[in-house]
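Here is the structure we will look at, set down as structure tokens.
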Amino acid sequence: MDTDNLLTFQIVARQGSMAAAARELGLTANAVALRLRALEEEFCTALVARSGRVVRPTAAGHAVLEQLPGVLSGLRDLRSAASGSAIAGELRIGAIATALTGLLPSVLEVSIRTYPNLRLHLVPGTSADLFSRVEDGAIDAAILVAPEFALSKSMEFSLWRRERFVLMVPPEETRTDVLEILATSPLILYDRGQWGGRLAKQWIETSVTEPDVRFELDALDAIAVLVGKGLGVAVVPDWAGPRPERNRVRTLSLPASAPSRGIGLLYPRNAPRTHLVRVLAEMADAELRALKPA
């Protein structure tokens with residue numbers, strides 16, 4: 001059974017349109033239709049019904065969709081098992097936003113050069129969401145904020161980087177007393193629903209009485225933009241990677257009591273593709289050590 005045809009059907013069903021599925025896949029609408037037709041011929045039944053430009057799964061199509069995640073995972077497991085210890089196959093790797101732009105690009109560059117037959121499918125998400133996906137087996141590993149709770153014996157976490165929290169202020173802010181600035185300035189809060197945001201919240205609550213929260217959001221690069229426009233100050237991790245307002249914000253060190261967040265790779269200890277994840281972990285560890293300033 002052709003995995004590409006199965007994935008194409010899944011995307012067509014989600015998009016509800018051949019044209020939209022073609023754009024997502026980088027194919028022509030005709031190529032998408034040919035894949036879908038081949039799959040329907042293999043199943044000997046129609047999987048979608050067309051009404052103008054709208055495409056909807058048939059009853060048989062819905063039945064296939066319900067089983068499809070397990071089938072695709074099983075096919076990938078079979079390929080990994082067949083490859084044995086060979087560094088070849090496909091990995092689904094989740095990553096938080098700052099890892100996608102900060103830590104991963106250099107790792108991916110080395111990965112392509114060193115292991116050309118190792119294919120990575122990147123899945124963005126929050127730490128909590130990605131943790132659940134790794135537990136459920138929906139993805140093979142995830143680069144996320146280090147959990148603040150004990151992991152089960154079936155899971156492993158490899159720390160890649162530790163980031164201290166700092167106070168981000170507009171360039172026109174000339175004061176250096178971070179507690180005074182926090183007590184007298186509007187606060188742009190790192191989302192308290194995120195694992196990193198909880199760390200910032202806990203420290204702020206012990207350091208400032210009734211902070212003036214103006215905005216609250218998860219995206220750290222967007223927080224930097226708001227701070228750069230003088231809309232407030234923010235307690236954020238000193239994250240790796242590009243920042244849209246690097247030249248329009250200043251960062252001040254926090255007291256020693258301030259927290260830090262760990263960023264690393266979470267993966268199951270024993271799974272069909274764990275040997276590939278360990279290869280990626282070792283390669284990333286070596287690459288990120290080389291990137292650290294002396």
Side-chain angles (χ1 to χ4, degrees), residues 91-108 120 122-168 189-207 217-221 223 234-241 243 251 253-271 273-274 276-293:
L91 286 175
R92 291 178 63 83
I93 305 294
I96 58 174
T98 53
L100 281 171
T101 57
L103 297 176
L104 263 182
S106 60
V107 173
L108 295 178
L120 301 182
L122 303 179
V123 180
T126 65
S127 292
D129 174 52
L130 294 173
F131 184 91
S132 296
R133 293 195 191 190
V134 174
E135 278 195 318
D136 294 343
I139 57 178
D140 301 306
I143 305 160
L144 41 68
V145 175
E148 294 294 307
F149 50 85
L151 296 176
S152 69
K153 293 182 179 179
S154 65
M155 305 295 287
E156 188 163 333
F157 182 79
S158 173
L159 182 66
W160 284 7
R161 173 184 170 89
R162 184 154 290 281
E163 300 172 339
R164 289 203 62 81
F165 279 75
V166 295
L167 180 65
M168 185 177 285
L189 201 60
Y190 182 16
D191 184 1
R192 290 168 286 187
Q194 307 304 320
W195 288 0
R198 291 176 197 167
L199 295 172
K201 167 183 170 287
Q202 290 166 3
W203 181 80
I204 291 170
E205 287 180 343
T206 62
S207 304
L217 64 158
D218 173 35
L220 292 175
D221 54 354
I223 290 176
V235 174
V236 294
D238 192 14
W239 77 92
R243 302 182 192 180
T251 56
S253 298
L254 297 181
S257 60
S260 64
R261 72 171 190 175
I263 304 293
L265 186 70
L266 176 82
Y267 57 96
R269 293 181 184 274
N270 296 296
R273 290 175 293 278
T274 294
L276 296 179
V277 176
R278 290 189 188 279
V279 167
L280 179 68
E282 291 170 3
M283 179 184 62
D285 190 49
E287 174 64 15
L288 295 174
R289 272 204 311 269
L291 291 176
K292 287 180 181 177

Sorted by chain and number, sequence neighbours left out, side-chain hydrogen bond (donor to acceptor under 3.5 Å, both in side chains) with Asp218 holds for none
Taken in chain and number order and not counting sequence neighbours, the residues that satisfy side-chain hydrogen bond (donor to acceptor under 3.5 Å, both in side chains) with Ser260 are Arg162
Check your understanding: Between Arg273 and Asp140, is there a salt bridge with N-O shorter than 4.0 Å?
Key -> yes
By side-chain contact (heavy atoms from CB on, under 4.5 Å), Leu120 pairs with (sequence neighbours left out) Leu91, Ile93, Leu108, Ser111, Leu118, Leu122, Leu280
- Are side-chain heavy atoms of Leu220 and Thr98 found at a separation under 4.5 Å? yes
Residue set satisfying salt bridge (Lys or Arg N to Asp or Glu O under 4.0 Å) with Arg133, at least two apart, ordered chain then number -> Asp129
Across all chains, not counting sequence neighbours, the side-chain contact (heavy atoms from CB on, under 4.5 Å) partners of Ser152 are Ser154, Met155
For Ala97, the side-chain contact (heavy atoms from CB on, under 4.5 Å) test, sequence neighbours excluded, returns none
Applying salt bridge (Lys or Arg N to Asp or Glu O under 4.0 Å) to Arg164 and not counting sequence neighbours gives none
Residue pairs passing the salt bridge (charged side-chain N to carboxylate O under 4.0 Å, His left out) test with at least one member in residues 142-152, sequence neighbours excluded, are none
With sequence neighbours left out, the residues meeting side-chain hydrogen bond (donor to acceptor under 3.5 Å, both in side chains) with Tyr190 are Arg261
Residues at least two apart in sequence or cross-chain that pass side-chain hydrogen bond (donor to acceptor under 3.5 Å, both in side chains) with Glu205, listed by chain then number, are Lys201
Applying side-chain contact (heavy atoms from CB on, under 4.5 Å) to Ala146 and not counting sequence neighbours gives Phe157
